[in-house]
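Heads up: the structure comes next, in structure tokens.
Numbered from 1 within each chain, the chains take letters A, B, ... in sequence-line order.
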Amino acid sequence: MNRNVLPVLVLLFALVSLGSCTKRERHPMASEGLRGEAAVNLKGFHARPTPDGATVGAIFGTITAPLGDTLRAVKVAPDVAEKVEIHRIVQNAAGQMEMRPVPWLALPEDEPVELKPGGLHVMLFGLAAPLQAGKTVRLTLLFQDGGERVLEVPIRDE
Amino acid sequence: MSDRPAARRIPLAFACLLLALLTASACGPRTSGKLVGHTRPIPKQVGGLSMSEARLGKPDTTFTFRAKRGGLLFVFFGFTNCPDLCPTTLGDLRKALRKVGPGADKVDVAFVTVDPGRDSSEAMARYLGSFFTGGHPLRPADNEQLLAVQAAFGAASSVTRKADGDVDVAHTALSYLVDEHGAVLLEWDYGTSPADLAHDLRLLLARNAGGTK
Ligand SMILES: [Cu+2]
């Protein structure tokens, strides 16, 4: 390896870190948490409006951990849903699609992990009220390094 | 490797041209007469089957798996407590029908619950009603009826009630297009884009109108 590469790498890293800091959505709730804010970038988070009569909902979005991390848990207020889990849709041995809970979601270093239809989603069970377009849901993401992030997820049709 | 530069340049240029052509064709709207969905040499026949159709505030009626004359019937098997596959598929079809435009009124939509234990007639009618007006929410009378209809389409599902009270539902997620005689013309994989759905719908509606089948 060329010795000239090192300063460039350092500069690049500094720029990337700076970029991730400025891009991070800040929320008043975040400072109330004891754990501190996780160093992850959250992009495009949204919940889908739920059809009439539906008792479940899904949140999608992209998480990037510049230094790698693990998403341990997701939370919403009890007046939104009874239970929240991270789910992955998989094809079972019979060739049928089903959802499986993902207890820990690995976030490889600087690799965007997409929660999108047909793959991963944040699953809301037992919705207290239908998710209506134009409103928001407050979602808390808890990470392995002890950090957490709170965000207001807009409800919209993609 | 580097001793024959001229010989390598020509295939590279050719590859670039090919790539450019492929990219151009992939990006442009599909204009080909080839269907995106899967067809079978001998179409499955479902026109002899029927199921109870839920209606809000009215008694259930009987629905037979056939399209209107000159039309098409879209069929999907799912359940209302389905956060992703079912609303994605129904939402994408809604987008596709908007793209199709005036001919879209010839397309009927049937949504069959694979979880009739939890999906009441009312729940089915309300759920489908939030995607389409005039859709057909279908609820099997018993497991035998569900199995018979699924077998005819080649669909399958299983509902498992777990010890903690949670219910796991697994289901095939293909969509089907049926003609007025009850023949399954087309099967779409889950995740087929609204543009591709619209392309196939237009093509099959044009075929129906032209009487070329
Ligand atoms: Cu789920």
Side-chain angles (χ1 to χ4, degrees), chain A residues 45-61 74 76 80-103 114-133 137 139 153 155-158, chain B residues 54 56 76-92 94-95 98 111 113-115 118-133 135 137 150 154-160 162 164-174 189-194:
Chain A
F45 266 74
H46 67 281
R48 208 187 250 158
T50 50
D52 201 9
T55 60
V56 297
I59 296 172
F60 303 100
V74 280
V76 296
V80 174
E82 281 168 21
K83 193 169 82 168
V84 201
E85 286 177 352
I86 306 158
H87 279 186
R88 189 192 299 279
I89 290 179
V90 295
Q91 201 161 25
N92 68 16
Q96 300 171 16
M97 313 284 255
E98 61 181 30
M99 300 186 296
R100 300 245 175 87
V102 179
E114 240 186 303
L115 283 71
K116 61 176 183 185
L120 291 159
H121 58 260
V122 172
M123 172 99 176
L124 307 174
F125 288 99
L127 289 173
L131 301 180
Q132 283 183 312
V137 173
L139 175 72
V153 177
I155 302 168
R156 63 165 189 261
D157 232 335
E158 288 274 281
Chain B
L56 270 184
F76 187 74
F77 295 85
F79 60 113
T80 68
N81 289 293
C82 170
D84 179 355
L85 300 182
C86 311
T88 301
T89 301
L90 295 174
D92 284 352
R94 181 171 53 188
K95 285 179 197 153
R98 283 192 197 128
F111 180 55
T113 178
V114 300
D115 188 12
R118 286 190 300 167
D119 284 339
S120 65
S121 290
E122 197 201 328
M124 283 298 292
R126 285 172 61 198
Y127 188 89
L128 191 59
S130 45
F131 290 95
F132 307 99
T133 46
Q150 285 185 315
S157 64
S158 70
V159 178
T160 316
K162 296 191 294 187
D164 61 4
D166 279 0
V167 178
D168 276 348
V169 179
H171 60 115
T172 51
L174 274 78
D189 288 324
Y190 166 74
T192 302
S193 72

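- Contacts of Arg94(B) with chain A are made by side-chain atoms alone, with heavy-atom separations under 4.5 Å and no backbone atom involved.
- Geometric assessment of Lys116(A) against the ring of Phe60(A) yields a negative cation-pi assignment under the 6.0 Å and 45° thresholds.
- The side-chain heavy atoms of Met123(A) and Pro101(A), taken from C-beta on, include no pair separated by under 4.5 Å.
- Heavy atoms of Met97(A) lying under 4.5 Å from chain B belong to its backbone as well as its side chain.
- The number of heavy atoms from other shown groups lying within 6.0 Å of CZ (Arg88(A)) does not exceed 12.
- The pair Arg48(A)-Asp157(A) fails the salt-bridge criterion, with no side-chain N (NZ, NE, NH1 or NH2) lying under 4.0 Å from an Asp/Glu carboxylate O.
- Comparing Ser157(B), Gly129(B), Ala173(B) by heavy-atom pairs within less than 4.5 Å of chain A, the highest count is held by Ser157(B).
- Contacts with chain B were tallied for Thr55(A), Asn92(A), Thr50(A); Thr55(A) has the most, counting heavy-atom pairs under 4.5 Å.
- Of the two parts of Ser120(B), neither the backbone nor the side chain holds a non-hydrogen atom closer than 4.5 Å to a non-hydrogen atom of chain A.
- Using a 4.5 Å cut-off between heavy atoms, Phe131(B) touches chain A through its side chain atoms alone.
- Of the atoms belonging to Cys86(B), not a single heavy atom falls under 4.5 Å from chain A.
- Here the side chains of Pro117(A) and Tyr190(B) are in contact, with some heavy-atom distance below 4.5 Å.
- Between His121(A) and His87(A), the two ring planes are perpendicular [angle over 60°; tilted spans 30° to 60°].
- If you measure heavy-atom distances from Asp119(B) to chain A, you find no contacts under 4.5 Å at all.
- In this structure, the side chains of Glu85(A) and Val74(A) stay at 4.5 Å or more apart for every pair of heavy atoms.
- Note on Thr172(B), Leu128(B), Thr88(B), Asp168(B): by heavy-atom pairs under 4.5 Å with chain A, the leading option is Thr88(B).
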